[in-house]
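Worksheet for the structure shown next.
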Amino acid sequence: MSELVNKEKITMENNSEKSAVNAAQFAAYPTLSQLNVEKNKQEYLEMFWTYQRREMENVIDFKSNLLLPPNRIKKIMKTDKDVRMIAAESPVLLAKACELFIQELTLRSWLNAQENHRRILKKDDVTDVIMQTDNLDFLLDDATDGSTPSVVPFYVAGGSNGQNGNNLDH
């Protein structure tokens, strides 16, 4: 019986040594909980896009189901002096694309807030997502002095930046 106990102690010691070596080897790799967070983010994003695809396949008239007004988008498009004529479908398509973009950015930001154990979405969550996501690089302000790039400021009606949101120069 004592031999069995001794063998178990030796096995446990060897296992703990192996665990310490493995922990040192894999210190640079993400932990299992971090992997689960990334997996959950990917699952949420896949579910979001699956839902959006199904919704768009079932919609008969896009124009009546938009959250952003196509007329406003058409007005913005017309501010470009090179734009002469705009097809009727273009503002509708752009409105839907903008809507999907905003929804995905909001979902990613919300997942970032949850990862930080918060229920309130902050500007920093949006900034973090923009900094972490490669295909959102166009939202980064190019810093000419070599410092860390910042997020291009966005203007919201009634925001603290003093703008009313209707100025098309921004």
- [ ] Just do the side-chain contact (heavy atoms from CB on, under 4.5 Å) check on Phe138 and Leu136 with the steps written out, would you?
- [x] CA-CA 5 Å; Phe138 69 96; Leu136 298 177; 4.3 Å; yes
Task: Stepwise side-chain contact (heavy atoms from CB on, under 4.5 Å) test for Lys41 and Arg108 - done: CA-CA 8 Å; Lys41 283 182 181 180; Arg108 287 176 182 266; over 6 Å; no
- [ ] Show your reasoning for whether side-chain contact (heavy atoms from CB on, under 4.5 Å) applies to Leu68 and Arg72.
- [x] CA-CA 8 Å; Leu68 299 173; Arg72 178 71 173 139; over 6 Å; no
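Note on Glu99 versus Lys96: salt bridge recorded, some NZ/NE/NH1/NH2 to OD/OE distance being below 4.0 Å.
Thr79 places none of its side-chain heavy atoms less than 4.5 Å from the side chain of Lys75. With contacts defined as side-chain heavy-atom distances shorter than 4.5 Å, the pair Leu111/Val129 does not qualify. You'll find the side chain of Glu104 stays beyond 4.5 Å of the side chain of Gln52, heavy atoms only. Side chains of Thr106 and Leu121 form a contact here, defined as non-hydrogen atoms less than 4.5 Å apart. Residues Asn71 and Pro91 are not in side-chain contact: their nearest non-hydrogen atoms beyond the backbone lie 4.5 Å or more apart. Counting heavy atoms from C-beta on, the side chains of Asn112 and Trp110 never come closer than 4.5 Å. Looking at heavy atoms from C-beta onward, Val92 lies out of side-chain contact with Glu89 at the 4.5 angstrom threshold. Annotation: side chain of Arg118 is in contact with side chain of Asp125 (closest heavy-atom distance under 4.5 Å).
Here the rule is side-chain contact (heavy atoms from CB on, under 4.5 Å) with Asn135, and of Thr133, Asp137, Leu139 only Thr133 fits it.
Note: Glu55 CD to Asn65 CG = 7.0 Å, rounded to the nearest 0.5 Å. The CG atom of Asp82 lies 12.5 Å from the CE atom of Met77; values are rounded to the nearest 0.5 Å. Atom CG of residue Asp134 and atom CD1 of residue Ile130 lie 13.0 Å apart, to the nearest 0.5 angstrom. To the nearest 0.5 Å, atom CG of residue Leu94 and atom CG of residue Leu66 are 11.0 Å apart. Note that the CG atom of Asn58 and the CE atom of Met56 stand 11.0 Å from one another [nearest 0.5 Å]. The structure places CG of Asp128 at 7.0 Å from CG of Asn116, a figure rounded to the nearest 0.5 Å.
For Ser90 (side chain) and Ile86 (main-chain N/O), no donor-acceptor pair under 3.5 Å exists by modelled atom type.
In the hydrophobic clustering of this structure, Leu107 groups with Trp49; members are Ile, Leu, Val, Met, Phe, Trp, Tyr whose side-chain heavy atoms approach within less than 4.5 Å, directly or through other members. Under a hydrophobic-cluster definition in which Ile, Leu, Val, Met, Phe, Trp and Tyr are linked whenever side-chain heavy atoms come within less than 4.5 Å, directly or via other members, Leu140 and Phe101 are assigned to the same cluster.
Heavy atoms only, all atoms of each residue included: Phe48 and Leu100 are closest at CZ-O, 4.2 Å.
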